[in-house]
Structures are given as C-alpha cells and as structure tokens.
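Step one of this worksheet: look at the structure below.
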2 protein chains.
Amino acid sequence: MSEPRWLDATQQRDWRAYIDGSVRLTEIIDRDLKTRHGLSVSEYEILVRLSEAPGRRLRMAELAANASQSRSRLSHTCARLESKGLVQRDNCPSDKRGVFCTLTPEGFATLERAARDHVETVREFFVDVIDPGDLAAVGRAFAAVLKRAEDS
Amino acid sequence: MSEPRWLDATQQRDWRAYIDGSVRLTEIIDRDLKTRHGLSVSEYEILVRLSEAPGRRLRMAELAANASQSRSRLSHTCARLESKGLVQRDNCPSDKRGVFCTLTPEGFATLERAARDHVETVREFFVDVIDPGDLAAVGRAFAAVLKRAEDS
DNA sequence: AGGGAATAGTTTAACTTTCAACCATGTTCG
DNA sequence: CGAACATGGTTGAAAGTTAAACTATTCCCT
C-alpha cells in the first residue's frame, strides 16, 4: 500500500471538467432523444450500429460489442425494440445458437428522424462549442483511452 | 425542417471516439469502485461532494446540484448510504422543510480508501494515457460544454 | 466417436433509476 | 389575513440495468 500519486491541480481540474461536462452532456442528449423520439441512448446506439452493418443486420454478440453493452442488457433492449417494431430477431441457420438482429424499415425510418435532431444537439452542445484544435485533441485523447481499455 | 448540418468526417471521428472511449472508461471506473469498495459512482460522487463542503454537510438540494442528480435519485441513494452508515440526515432548524446531509466519520474513512484506488484507476486509464497538451484541451473542451449546458 | 470446455443467447431476481404524485413549509401579493 | 403558488424533500410504482443461473449448440482434443 504505497502512497497514491494524487493528481496535480491541473490534472484534477481537467478530469473534473470532463466528468461534470460529460454528465451534463449525456443528460441533455438523453432527454432530447427520449422526449422527441421515444428512444433511450442505448436504443439509439443499437439502431445506429445496425444501420451501419451490411444488410442492416448483426449477430447479437457483435451488436453487443459494437454498442458496448452486455449481452444481457442487449437481450432486454432488443426485446423492447422488437415489440416497438424497430428491430427483428431471427435464428441463424448456420449456427443454431445464434440470432440475427435486423433493423426493420420502420426502425430505419425512426433512426433517420432521430439522427437529424441528434446531430443538431451534438453540434449545439458539443462540436460547435469546442475549438476545432481542442476537438481533435479530444478525439486523440479518447482514442488513447479506448485503446488502453481494450488491451487491459 | 431544413437539411441538418451533418458532421464532417473528422468531427464524426472525434465525436465517436469520445463516445466509445468514455463509455468504456465509465464502465471500468464503475466496476473498480463497486468491486473494491462497494460503491457506485453516484454514491462515490455524493461522498466526494460532501467531503468538500464546509462541515462536510450540505442541504439535499445543493448536494443534488453538485452531484448532478435528481432530488428523487438523491433521496433514494442517501437512504442507501445512510443505512450503510456513511451518511446521516438531520432536519434543518431554520427551514423546517430542509434536510442536512452529513458525511459520517465512517463515510469519510470509506471515501479516503476508495479515493486512493480511484485515483490510480483514473491515472491508469485516463490521465497517464493522454498527452498532457491533449489533456488540457479536454479540460477546456468540457468546460465549454458545461458552460453551454448551464446557460441553456 | 464422445466427454469436457467454450460460446451464444435468454431468463430470472435483485437492484437502481425515473416519473409522477404527494406532503409540508415558506413566500407573495391582492 | 389568507389564497395561490413556489420550494424542499420523500415516496411508491414502473421501467431499465445488472448479475448469476440456465439451455442449447459448437468446438476441441484424445
């Protein structure tokens, strides 16, 4: 149990700024998506990842990885999305354990509508308020964080 | 309904990097705090804010604001923390509607222990993997985000 | 071939968060 | 004064998330 290396004043300030800012940002984006399109962020994320996949469909495990969700959570969320008609699940013929999750036309239409508002919110509260140089730095910073998290 | 101003490739990349990285980071920090100290991030946050307050106590509303939580959520979380003996609530004599939330000695001790590990995690997965210049930029960026969020 | 381990996904129960309703006190203003 | 409204906080039910157990299938190895 050695003495911890505390953050210096600057690191402390930057870390805290990130925490406070990102919590608020998440809140705003969350509320926007929910009130205007009835979607939670995790639901939105699932639709996005599906929309980017070939044939707009993915295996559950891959979708879980892309959307950074646990399998359990994905199962629950997909059940909800399926009951709303935005997504459809089918058995995979080649691997009988597997399940494909497909974005329905309604799901795609909902996503398109939501994305329009979403991008505006992201601009208004994130992209447009950050200096372009700083934004690039944010990109590099979190890419590094992700990399570190991945290979741990 | 005008055409939305979509993000350009660079903005898209940076935004996505932030989303993916921060989700993973949150996950890691969350798990660390929970498994090693039995605290959720929101509980930890409450203890931190209390520890910084004069007399280590705050009115519920102020605490809610500092910790970016809804009043309802704070009530529930404080009830849990209180039953763990980390926090104590007392009526405010001057405003009979009010309630003071105070960090107990056990609460402070728990926080101190948790903070030691927490700072290590924050270093390992955030501060130490980010270039110092980029870290400063992250600080500026999210300060701007917070400011924008506040006055909206 | 076939036993054991790994993988895919779902389910159940426990827990946490949100939402709306609620009670009590304080404030404002005709 | 006192009626209406605002503020501080809690509560209970509904919704969402997590953790662990479970089923089914596939992979690996001798």
Side-chain angles (χ1 to χ4, degrees), chain A residues 23-24 26-35 37-47 49-50 57-84 86-102, chain B residues 23-24 26-47 50 57-84 86-102:
Chain A
V23 166
R24 282 304 166 90
T26 305
E27 247 174 51
I28 288 170
I29 286 176
D30 216 338
R31 192 156 38 77
D32 176 70
L33 231 35
K34 182 89 87 196
T35 61
H37 303 279
L39 292 173
S40 70
V41 172
S42 49
E43 292 172 333
Y44 180 78
E45 205 62 23
I46 288 171
L47 301 187
R49 306 295 170 155
L50 284 176
R57 71 172 200 177
L58 284 171
R59 287 285 296 272
M60 293 297 277
E62 206 172 347
L63 182 51
N66 291 359
S68 312
Q69 297 189 10
S70 72
R71 280 152 194 248
S72 168
R73 184 175 171 183
L74 183 66
S75 276
H76 289 297
T77 309
C78 276
R80 243 176 296 141
L81 286 173
E82 200 168 25
S83 81
K84 291 193 209 172
L86 306 183
V87 132
Q88 185 187 338
R89 279 182 291 186
D90 308 284
N91 297 332
C92 168
S94 64
D95 182 343
K96 286 184 194 157
R97 296 166 306 180
V99 170
F100 276 116
C101 188
T102 311
Chain B
V23 167
R24 284 301 167 92
T26 305
E27 247 173 51
I28 288 171
I29 287 176
D30 217 338
R31 193 157 36 77
D32 177 70
L33 231 36
K34 182 90 84 192
T35 62
R36 290 158 79 173
H37 303 279
L39 292 173
S40 70
V41 172
S42 48
E43 291 172 333
Y44 180 78
E45 203 63 23
I46 287 170
L47 301 186
L50 284 176
R57 73 173 198 174
L58 283 173
R59 287 285 296 274
M60 293 297 277
E62 205 172 348
L63 181 51
N66 290 359
S68 312
Q69 297 188 11
S70 71
R71 279 151 196 241
S72 167
R73 183 176 172 183
L74 183 65
S75 275
H76 288 299
T77 309
C78 277
R80 246 176 291 141
L81 287 173
E82 200 167 26
S83 81
K84 291 191 206 172
L86 307 183
V87 132
Q88 186 187 338
R89 280 181 290 184
D90 309 283
N91 296 333
C92 169
S94 64
D95 182 343
K96 286 186 194 153
R97 296 167 306 180
V99 170
F100 276 114
C101 188
T102 311

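Letters A, B, ... are given to chains in the order of the sequence lines, protein chains preceding strands, and every chain is numbered from 1.
Remark: P of C:dT10 and CZ of A:Arg80 are 14 Å apart, rounded to the nearest angstrom. A:Leu63 has its CG atom 13 Å from the C1' atom of C:dA8, to the nearest Å. The separation between B:Leu58 atom CG and D:dG9 atom P is 11 Å, rounded to whole Å. When rounded to the nearest whole Å, the span between CD of A:Glu82 and C1' of C:dT11 equals 15 Å. Regarding A:Glu43, its CD atom lies at a distance of 14 Å from the C1' atom of C:dT18, rounded to whole Å. If you take CG of A:Leu74 and P of C:dT11, they are 13 Å apart, rounded to a whole angstrom. The interatomic distance linking A:Glu45 (CD) with D:dT17 (P) rounds to 13 Å, in whole Å. When rounded to the nearest whole Å, the span between CZ of B:Arg31 and C1' of D:dT17 equals 16 Å.
Two residues, A:Ser40 and B:Asp95, neighbour DNA chain D, and the one matched to the more 5' nucleotide by heavy-atom proximity is B:Asp95. Along DNA chain C, the nucleotide nearest A:Lys34 and the nucleotide nearest B:Lys34 are compared for position; the residue whose nucleotide lies closer to the 5' end is B:Lys34.
When heavy atoms are screened at a 4.0 angstrom cut-off, A:Ser70 is found touching no nucleic acid atom at all. Backbone-only engagement by A:Ser94 is indicated by non-hydrogen atom pairs under 4.0 Å involving sugar-phosphate atoms exclusively.
Remark: B:Arg31 does not engage B:Glu27 in a salt bridge, criterion side-chain N to carboxylate O under 4.0 Å.
For A:Arg89 and C:dA8, the shortest distance from a side-chain N or O to OP1 or OP2 is not below 4.0 Å. When the side-chain nitrogen and oxygen atoms of B:Ser42 are compared with OP1 and OP2 of C:dT17, one or more of them lie within a distance under 4.0 Å. Proximity of A:Arg97 to the phosphate of D:dT23: no side-chain N or O atom is located under 4.0 Å from OP1 or OP2. Taking 4.0 angstrom as the limit, A:Arg59 places a side-chain polar atom (N or O) nearer than this to OP1 or OP2 of C:dG9. Within the 4.0 Å cut-off from OP1 or OP2 of C:dC19, not a single side-chain nitrogen or oxygen of B:Arg73 is found.
In this structure the side chain of B:Asn66 never reaches within 4.5 angstrom of the side chain of B:Leu50, judged on heavy atoms. By the 4.5 Å heavy-atom criterion applied to side chains, A:Asp95 and A:Arg59 are counted as neighbours.
Interface remark: the B:Thr77 side chain does not form any donor-acceptor pair with the C:dT16 base, using a distance-only criterion of under 3.5 Å. The base of D:dG12 sits with one of its N or O atoms less than 3.5 Å from a complementary donor or acceptor on the side chain of B:His76.
You'll find that the side chain of B:Ser75 is closest to D:dG9, out of C:dT16, D:dG9, D:dG8. For B:Val99, taking side-chain heavy atoms from C-beta onward, the closest of the listed nucleotides D:dT10, C:dG9, D:dT11 is D:dT10. Taking the side chain of A:Lys96 as heavy atoms from C-beta on, and the options D:dG9, D:dT26, C:dT12, the nearest nucleotide is D:dT26.
Looking at A:Lys84, A:Lys34, A:Arg73 one by one, the single match for salt bridge (Lys or Arg N to Asp or Glu O under 4.0 Å) with A:Glu43 turns out to be A:Lys84.
Around CZ of A:Arg57, the count of heavy atoms belonging to other residues, nucleotides or ligands within 6.0 Å does not exceed 12.
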Begin from the C-alpha positions of B:Ser42 and B:Ser40 and carry the test side-chain hydrogen bond (donor to acceptor under 3.5 Å, both in side chains) through to its verdict. CA-CA 5 Å; B:Ser42 48; B:Ser40 70; 3.2 Å; yes
